[in-house]
> 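First the structure, which I've put down as structure tokens, then a few questions once you've had a look.
Counting from 1, the numbers follow the sequence of the chain as shown.
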Amino acid sequence: MARHLITSALPYINGIKHLGNMVGSMLPADVYSRYMRQRGHEVLYICATDEHGTPAELAAKEQGLPVDTFCAQAHDAQKAVYDGFNLAFDHFGRSSSPQNVEITQHFARRLNENGFIEERSIRQVYSPADGRFLPDRYVEGTCPHCGYDKARGDQCENCTRVLDPTDLLDPRSAISGSTDLEVRETKHLFLLQSKLQHEVEEWVARHEEEWPHLAASIARKWLTEGLHDRSITRDLDWGVPVPADTWPELAAEGKVFYVWFDAPIEYIAATKEWADSAPEGETRDWKSWWYEADDTVRYTEFMAKDNVPFHTVMFPATQLGVREPWKKVDYVKAFNWLTYYGGKFSTSQKRGVFTDQALDVLPADYWRYFLIANAPESDDSSFTWEHFTATVNKDLADTLGNFVNRVLSFSKKRFGEEVPAGGEPGEAETRLGEEIAGLLAEYESQMEAKQFRKAAAALRALWSAGNSYLEEKAPWLEIKTDKDAAALTLRTAMNLIRLYAVVSEPLIPTAAAAMRQTFSLADDTATWVTAEEARALTSVPAGTPFTVPPVLFAKLTDEDLEAYKERFGGEPEPA
């Protein structure tokens, strides 16, 4: 089996992320990682907190904490939420790690040796009130492209255009709010992306036909507009320092690398963190995943569309310029926005449902299923409480949960706490087996293609097939005239529950585990279900002890819906 390296966009350290962040990167990466592990592949799923740049410094200042203390606490808080969502990272690192400092500085030295870094004098915004140069995100103002009045000096959150601080209209300091800003001369390092344009174009051309249209179109748009030389250092107190052995003057001035230079390198560094943190007696080879790995590793990246340019153009340019055989991404799974009642989720504006709040409302499986079933793949999708409660009730509570509960409860009542025997499978069971095998193949196909909405629809169809079979056979009527026939129906339905437990695990791992633990099978080590097993539906034989689990998914009431809307709001705030 192939080795699969999987990464998702690094969440910024400045606060708990909202549901849009979850469905736009980490959750689908987790679902895919789980699926690929179940199919027998060697998988390494790497992520980390993105801890450098102005968001970290500003958030630390707001809380009155040293930035390193703030980042350590925020990392732990974010990790706790992701654990609550059952995200099965192999390692969740930190971009402030010593490993990232080491590898980022190595990349910078190599780029410099190869003629792709240049020291330039530039004119930069200076705030006399703050007594310092202001890096891009320390300058706020009005976007010259869309008029958004809270744009930052690196990117407009509203229209996603990349900016320089001097582009902003009516600029102000994000530290003090002062509008008394000057433009002074200072020195910074520039990555000469213009010299790498042709190489990046050739690299993208070799991959874009395989990528989703969203990822390919964004990359092509950036290349069509042309790659510009870009400053990769900033005047900050917190970040990967410019190495003094190569740039002594800039190091003495306290320059650090721009967060978008070191953050993608953290994927490599986090893998080294994973290796360096191996338990005693275990050896982990981090470099085999990243170095000279083109023929041995398949690398898939998950991210929302605002991150696509950095990972399809800017970071590949960096890797190409290093002139070393570092692994570059093979497949970029890009997502559109998840909106909140048609308006933007926003970390900075605290609008929408945040991941810690979501877990406070309902367990993770509710959110995992809904978000994947409505993933914003081909277009933006909208979160509403009405849609959420309807989906939970129809798919999770009624289609899956009710099927599991009524089959097991009815069988326990009529046949005791062991799977009943009954007669031999008949025409209905043969038809069911063929249907299940076909639906399972569809589910596998969509998961392989990373089409998550379609995969969730195929899983839902698998669950629905069990309900249709139960309604057709009606064991509550069969038992009145033919006890063996009723027993056969229930045994077949219990085998469906076991199948659901195995194949539902990527989306709803907690419920899947509860279904699997229902049956006391002596040696239940299966990680997947073959087409032959799906047709036969005999993996849980007669006589197997079982228990009736607690309700898998509670049905949400109108009162619940109104309570959610009252707490979180039912409409987006005006822009």
> Can a donor-acceptor pair be found, under 3.5 Å and without considering hydrogens, that links the side chain of S411 to the backbone of V407?
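A pair under 3.5 Å: no.
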
> Going by atom types only, do E301 and T7 share a side-chain donor-acceptor pair under 3.5 Å?
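Distance-only check passes for E301 and T7.
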
> Do the side chains of R498 and D524 get close enough for a salt bridge, i.e. N-O under 4.0 angstrom?
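Yes, this pair counts.
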
> Holding to side chain to side chain donor-acceptor pair (under 3.5 Å), I want the full list of residues that pass it with W528, two or more places apart in sequence or in another chain.
E444

> Any idea which heavy atoms bring P309 and I218 closest together, and the distance?
CG-CG2, 3.7 Å

> Does E210 pair with R298 as a salt bridge, N-O distance under 4.0 Å?
yes

> Is Y32 close to F452 at the side-chain level, that is, under 4.5 Å between some pair of heavy atoms?
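Yes. Closest side-chain heavy atoms under 4.5 Å.
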
> Just by distance, with hydrogens left out, do H91 and E273 show a side-chain donor and acceptor under 3.5 Å apart?
yes

> Which residue is it: Y340, Y341, W367? I am looking for the one with a ring-ring contact (aromatic ring centres under 6.0 Å, His included) to F388.
W367

> What I want to check is whether the side chains of Y35 and E448 have a donor and an acceptor closer together than 3.5 Å.
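Yes, side-chain donor-acceptor contact under 3.5 Å.
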
> Specify whether Y366 and F553 have parallel, tilted or perpendicular ring planes, treating 30° as the upper limit for parallel and 60° as the lower limit for perpendicular.
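Rings of Y366 and F553: perpendicular, over 60°.
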
> Does a side-chain heavy-atom distance below 4.5 Å link D330 with L5?
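Counting from C-beta outward, D330 and L5 never come under 4.5 Å.
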
> What pairs meet the salt bridge (Lys or Arg N to Asp or Glu O under 4.0 Å) rule with one or both residues in residues 449-466, with sequence neighbours excluded?
D395-R460

> Using a 4.5 Å cut-off on heavy atoms from C-beta on, say whether the side chain of M447 contacts that of V31.
yes

> Does a side-chain N-to-carboxylate-O contact under 4.0 Å join E471 and R406?
yes

> Give me the atom names and distance for the closest heavy-atom approach of I436 to A534.
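Residues I436 and A534, closest heavy atoms: CG2-CB, 3.9 Å.
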
> Taking only residues two or more places apart in sequence or in another chain, which ones pass side chain to side chain donor-acceptor pair (under 3.5 Å) with T557?
E559, D560

> When you compare the side chain of R37 with that of T527, does any pair of heavy atoms fall below 4.5 Å?
no

> Please lay out, stage by stage, how L552 and L396 fare under the test side chain to side chain contact (heavy atoms under 4.5 Å, CB included).
CA-CA 8 Å; L552 293 179; L396 297 178; over 6 Å; no

> Q38 side chain to V502 main-chain N or O, any donor-acceptor pair under 3.5 Å?
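Such a contact is found between Q38 side chain and V502 backbone.
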
> Test I497 against T518 for side chain to side chain contact (heavy atoms under 4.5 Å, CB included), laying out the working first.
CA-CA 9 Å; I497 293 172; T518 289; 5.5 Å; no

> Could you tell me whether the side chain of R368 and the main chain of I508 form a donor-acceptor pair under 3.5 Å?
no

> Say whether, by atom type as modelled, one donor and one acceptor occur between the side chain of D380 and the main chain of N336 under 3.5 angstrom.
no

> Please find the pair of heavy atoms, one from I6 and one from S33, that lie closest to each other, and give the distance.
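Taking every non-hydrogen atom into account, CD1-OG, 3.3 Å.
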
> Using a strict cut-off of less than 4.0 Å between a Lys/Arg side-chain nitrogen and an Asp/Glu carboxylate oxygen, indicate whether E478 and K483 qualify as a salt bridge.
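No.
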
> Dump the intermediate steps for side chain to side chain contact (heavy atoms under 4.5 Å, CB included) on V392 and Y369, then the final yes or no.
CA-CA 8 Å; V392 166; Y369 177 78; over 6 Å; no

> Should the heavy atoms of other residues, nucleotides or ligands under 6.0 Å from CD of E202 be counted, would the total exceed 12?
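Correct, the count exceeds 12.
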
> For P420 versus M494, what's the shortest heavy-atom pair and its separation?
CD-CE, 4.1 Å

> Do any N or O atoms from the side chain of T355 and from the backbone of K17 form a donor-acceptor pair under 3.5 angstrom?
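Yes; judged by distance alone, with no hydrogens or angles, the pair exists.
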
> Is it true that Y45 and S8 share a donor-acceptor pair across their side chains at a distance under 3.5 Å?
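Looking only at side-chain atoms, Y45 and S8 do form a donor-acceptor pair, the distance falling under 3.5 Å.
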
> Charged N to carboxylate O below 4.0 Å: is that the case for E472 and R431?
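Salt bridge: yes.
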
> I'd like to know if the side chain of H18 reaches the main chain of G20, judged simply by a donor and an acceptor atom lying under 3.5 Å from each other, with no hydrogens or angles considered.
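Side chain of H18 to backbone of G20, a donor-acceptor pair under 3.5 Å: yes, one is there.
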
> Of the non-hydrogen atoms in L439 and A458, which two are nearest, and what is the gap between them?
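Residues L439 and A458, closest heavy atoms: O-CB, 4.4 Å.
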
> With side chains defined as the heavy atoms from C-beta onward, is the minimum distance between L214 and V308 less than 4.5 Å?
no

> Before you tell me yes or no, could you show the steps for E377 and K333 under salt bridge (charged side-chain N to carboxylate O under 4.0 Å, His left out), namely the whole-Å CA-CA distance, both residues' side-chain angles and the distance that decides it to 0.1 Å?
CA-CA 9 Å; E377 292 174 297; K333 177 63 178 180; 2.9 Å; yes

> Are the side chains of M26 and Y82 in touch, meaning some heavy atoms are under 4.5 Å apart?
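They are in side-chain contact.
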
> Looking at K327, is its backbone amide N or carbonyl O close enough to the side chain of Q319 to form a donor-acceptor pair, meaning the two atoms are under 3.5 Å apart?
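Answer holds: yes.
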
> With a 6.0 Å cut-off on ring centres, are H311 and Y267 close enough?
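Between H311 and Y267, the centre distance is under 6.0 Å.
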
> Considering all heavy atoms of both residues, which atom of F568 and which atom of G352 are nearest to each other, and what is their separation?
CD2-O, 4.4 Å

> Taking Q451 for the side chain and Q446 for the main chain, is one N or O donor matched with an acceptor at less than 3.5 Å?
no

> For D50, check side chain to side chain donor-acceptor pair (under 3.5 Å) against everything at least two apart and list the hits.
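D50 satisfies side chain to side chain donor-acceptor pair (under 3.5 Å) with no residue once adjacent residues are dropped.
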
> Do V540 and L521 come close enough that some side-chain heavy atom pair is under 4.5 Å?
yes

> Looking at D285, is its backbone amide N or carbonyl O close enough to the side chain of S288 to form a donor-acceptor pair, meaning the two atoms are under 3.5 Å apart?
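Answer holds: yes.
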
> For A511, is there any backbone N or O sitting under 3.5 Å from a side-chain donor or acceptor partner on D365?
yes

> Using ring pair (Phe, Tyr, Trp, His ring centres under 6.0 Å), reason through W337 and F335 one step at a time and then give a plain yes or no.
CA-CA 7 Å; W337 302 126; F335 290 86; over 10 Å; no

> With no hydrogens and no angle check, just 3.5 Å: does a side-chain donor-acceptor pair link E435 and Y469?
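The criterion, which ignores hydrogens and geometry beyond distance, is not satisfied for Y469 and E435.
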
> Compute the ring centroids of H387 and F370, then answer whether they are less than 6.0 Å apart.
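Yes, they do, as the ring centres are separated by less than 6.0 Å.
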
> Between E386 and K565, is there a salt bridge with N-O shorter than 4.0 Å?
yes

> Could you go step by step and tell me if R34 and D30 meet the side chain to side chain contact (heavy atoms under 4.5 Å, CB included) rule?
CA-CA 6 Å; R34 287 175 177 273; D30 176 74; 3.0 Å; yes

> Between Y291 and W326, is the ring pair (Phe, Tyr, Trp, His ring centres under 6.0 Å) condition met? List the steps.
CA-CA 5 Å; Y291 202 81; W326 295 99; 4.9 Å; yes

> Is it the case that more than 12 heavy atoms not belonging to K328 sit under 6.0 Å from its NZ atom?
yes

> Do the side-chain N and O atoms of S504 and W463 include a donor-acceptor pair separated by under 3.5 angstrom?
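The criterion, which ignores hydrogens and geometry beyond distance, is satisfied for W463 and S504.
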
> Take atom CD in E427; do more than 12 heavy atoms of anything else shown fall under 6.0 Å from it?
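12 or below, so no.
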
> Measure the shortest side-chain to side-chain distance between T530 and E533 over non-hydrogen atoms and say whether it is less than 4.5 angstrom.
yes

> Could R535 and E434 be called an ion pair, given the rule that one side-chain N must be under 4.0 Å from one carboxylate O?
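Yes, this pair counts.
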
> Kindly write out the residues that satisfy ring pair (Phe, Tyr, Trp, His ring centres under 6.0 Å) with Y299, not counting sequence neighbours, or none if the list is empty.
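Counting only residues at least two positions away or on another chain, Y299 forms a ring pair (Phe, Tyr, Trp, His ring centres under 6.0 Å) with W290.
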
> With sequence neighbours excluded, give me every ring-ring contact (aromatic ring centres under 6.0 Å, His included) pair touching residues 403-438.
F403-Y500

